[in-house]
Amino acid sequence: MKNNPEQLYTLLQSIEGIVWQADTGMQQFTFITGRVQHITGFSPEDWLDRPGFWKTCIHPEDLHVINDYLELKDGGVKSRTLEYRIIRADGQVIWIKDNVSLLGCDNGVCLLGGIMLDNTVAERLKALERLERDVLKLNSDITVPLNNVLFNYLQGLEALFPQMQCSIHRIENGRMVNGVSPSLPVEYMNGITGVPVGEHEGSCGSAAASGQQVIVSDIETDDRWAKYRLLALKHQLRACWSNPVIDADGEVMATLAMYYQETKTPTGEELQVMEKATALLRIIMENRGKTEIISETNLLMLQSQELAHFGNWRWDVQQDVVSWSPTLYIIYGLNPQDFKATFAGYQALLHPEDRARVRQIIENVLQSGEGTEFEEKVIRPNGDIRYLRSWAKLKTDAQGAPVEMIGACLDITETVIQMQAIEQQNRKLLDIAWMQSHMIRSPLTRIMALIELIKDAPESDPEKIELLNHLLTSAYELDEQVKRINKKAEQTN
């Protein structure tokens, strides 16, 4: 083969990568295979006849690679593998993996040779994985609005595919709403926001209606774009592919669209990216929806606890770590920043009258494993006494050893104060009744004595005696009622 240049040339041309030869400054290429046009879009003549052409193709962010080639001349390393991006003739960005070696030097002139391989698919997949990790991390922060998460993801996709413009529309009540796009014109986004889903409602409306992927390679000729064709063409949008984002219940919750300013059918790589992006959007939107529901539920629970003066707690028995809900700190009149909850710290807050009793209750729960309900008094730092109704339940491991205790406290102070006020009022009423009964009974006793005297007098009128008997009977009945009032008052006091 050394003696057959034609066979060598044919072999080099058959290699999948770009075989090349150039000076160490990569200014002048002396040989390059025809594969260069398929990979970069530029002809071999562009590379051979235009000094410094290679440098003009390098992505601006990767120009540092020029020094890596120059180092092969002066360094001890004679070969290395370099990776960087090139901008194709059509504007697309591709990744090059170049296995380059120093071929030799003659009279100070050194030559480099190598094989450039198109590594775009592998690099994009790695970049896509990094983007997905970053977006999922961003989505885990509930303080970041969902539209911001979606915007960042689409922006990352467009960076990987510079010719592509992306959008997401959520589907609500059969319409496309809440559109998000990093690059599509605002006028266009406003024009398709609020349109109904349906078979002839563009790529996204059709995808939402059918629940299937819709590929429109030429907006100008596709019937599904009849209503929106002029709007799309006005903004140089020529192709649009759309995927429905379907939730776990089979409902379309959004559509992902990829636009191009040329008529275009997706490649296998682009279809793969669409599927990965759609799957990730489903995860993002479903997780965010669940997180928001949980957050709203927790907020409602905290608000309900605060309104009801109801707090809950958890005690890690083995580590003696206690966690309180925010409302419990309010009940105890404590600042979460100043008070570290522990079992000993809780006991110190109990009213001295209740400490021994409550400690025995907790020990009984730890020993028996049975939950309990009890009442207790606590003293706030300002000296106020609060009355609580508390519950405690024990969790154990497989061997029955205590692991943690959970419980709750209801502040019943207002109820206790009201009951105490009612009891105090009742006592006052009974005291009044007792005093009044004595005041009534004194003249009543005198009346009863006079009646007895009149009745026992000689030659009394029988009718008068009968009337006196009736009067005496009534007086005795009244006397019995007064005695009962006195007895009740004495028992209460």
Side-chain angles (χ1 to χ4, degrees), residues 9 11-75 77-103 109-128 130-131 155-165 183 236 258 260-264 266-270 273:
Y9 180 81
L11 175 63
L12 293 176
Q13 295 294 342
S14 67
I15 295 175
E16 284 294 315
I18 304 167
V19 182
W20 60 272
Q21 180 178 287
D23 64 273
T24 51
M26 299 292 282
Q27 289 292 308
Q28 183 64 59
F29 279 73
T30 56
F31 177 81
I32 198 162
T33 55
R35 186 73 178 170
V36 70
Q37 184 153 4
H38 175 75
I39 292 177
T40 71
F42 295 104
S43 69
E45 290 73 25
D46 290 323
W47 289 75
L48 295 169
D49 299 340
R50 297 168 59 181
F53 178 73
W54 169 77
K55 183 178 178 180
T56 66
C57 296
I58 298 175
H59 193 284
E61 295 179 2
D62 293 344
L63 288 174
H64 58 81
V65 76
I66 296 173
N67 293 327
D68 295 332
Y69 281 87
L70 290 172
E71 288 175 359
L72 285 168
K73 174 184 176 182
D74 302 323
V77 178
K78 300 301 180 181
S79 63
R80 63 189 304 183
T81 299
L82 302 172
E83 296 184 9
Y84 53 95
R85 286 166 291 178
I86 277 183
I87 301 175
R88 280 176 45 93
D90 59 7
Q92 293 189 52
V93 176
I94 61 172
W95 278 91
I96 292 295
K97 185 175 184 179
D98 195 0
N99 299 305
V100 57
S101 300
L102 179 64
L103 300 180
V109 178
C110 298
L111 291 178
L112 298 178
I115 301 178
M116 297 182 183
L117 301 173
D118 184 352
N119 201 37
T120 304
V121 174
E123 288 296 331
R124 276 182 178 159
L125 286 176
K126 288 194 294 185
L128 191 60
R130 290 193 297 270
L131 174 62
Q155 197 172 47
L157 288 177
E158 291 183 356
L160 295 176
F161 296 87
Q163 305 303 311
M164 181 175 68
Q165 294 174 276
S183 60
Q236 291 78 49
M258 296 179 172
Y260 285 86
Q261 294 187 3
E262 61 180 343
T263 57
K264 181 175 173 60
T267 63
E269 181 192 4
E270 288 164 336
V273 169

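- Side chain of T33 to main chain of V19: a donor-acceptor pair is present (N/O by atom type, distance under 3.5 Å, no hydrogens or angles).
- In summary, the aromatic rings of F42 and F53 are positioned with their centroids under 6.0 Å apart.
- Counting only heavy atoms from C-beta outward, the side chains of W20 and F31 never approach each other to under 4.5 Å.
- Side chain of S101 to main chain of G113: no donor-acceptor pair is present (N/O by atom type, distance under 3.5 Å, no hydrogens or angles).
- Side-chain contact, E262 with Q163: no donor N or O sits under 3.5 Å from an acceptor N or O.
- Counting all heavy atoms, side chain and backbone alike, P60 lies closest to I87 at CD-CD1, 4.1 Å.
- In this structure, the side chains of L72 and T24 stay at 4.5 Å or more apart for every pair of heavy atoms.
- The distance from atom CD1 of I96 to atom OG1 of T40, rounded to the nearest 0.5 Å, is 7.5 Å.
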* Test log, rule side chain to side chain contact (heavy atoms under 4.5 Å, CB included), inputs I58 and I66 -> CA-CA 9 Å; I58 298 175; I66 296 173; 4.1 Å; yes
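- To the nearest 0.5 Å, atom CD of residue E83 and atom CE of residue M116 are 13.0 Å apart.
- Contact of the L112 side chain with the Q21 side chain is not registered, since no non-hydrogen atoms from C-beta on lie closer than 4.5 Å.
- The closest side-chain heavy-atom distance from V100 to T81 is not below 4.5 Å.
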* **side chain to side chain contact (heavy atoms under 4.5 Å, CB included) between M26 and K55, intermediate numbers included** => CA-CA 8 Å; M26 299 292 282; K55 183 178 178 180; over 6 Å; no
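- The six-membered or imidazole ring of Y69 lies near that of W54, with a centre-to-centre distance under 6.0 Å.
- Annotation: the span from I86 atom CD1 to I39 atom CD1 amounts to 9.5 Å, rounded to 0.5 Å.
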* Go through the steps for L102 and S79 under the test side chain to side chain contact (heavy atoms under 4.5 Å, CB included), then give the verdict. => CA-CA 6 Å; L102 179 64; S79 63; over 6 Å; no
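- Of the inter-residue distances, the one linking D62 atom CG with H59 atom NE2 reads 6.5 Å to the nearest 0.5 angstrom.
- Nearest heavy atom pair, residue Q165 against residue Q261, reads OE1-NE2, 3.2 Å.
- Counting heavy atoms from C-beta outward, L160 and L128 have side chains that approach closer than 4.5 Å.
- Cation-pi check for R124 over F161 is met; the charged atom lies under 6.0 angstrom from the ring centroid and within 45 degrees of its normal.
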* To do: Please test D98 against Y84 for side chain to side chain contact (heavy atoms under 4.5 Å, CB included), starting from the C-alpha separation and ending with a verdict.
  => CA-CA 9 Å; D98 195 0; Y84 53 95; 3.9 Å; yes
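- Side chain of E270 to main chain of T267: a donor-acceptor pair is present (N/O by atom type, distance under 3.5 Å, no hydrogens or angles).
- Taken to the nearest 0.5 Å, the CZ atom of R88 stands 8.5 Å off from the CG atom of D118.
- L131 approaches G156 most closely through the heavy-atom pair CD2-C, 3.6 Å.
- In this structure, the side chain of Q28 engages the main chain of L48 through a donor-acceptor pair within 3.5 Å.
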* For Q37 and S43, what are the C-alpha separation, side-chain angles and deciding distance, and is it a side chain to side chain donor-acceptor pair (under 3.5 Å)? -> CA-CA 5 Å; Q37 184 153 4; S43 69; 5.1 Å; no
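- Here the closest non-hydrogen pair linking G17 and I115 is CA-CG2, 4.1 Å.
- In this structure, CG on L125 lies 10.0 Å from CG on N119, to the nearest 0.5 angstrom.
- Salt bridge status for E123 with K97: absent, with no side-chain N to carboxylate O gap under 4.0 Å.
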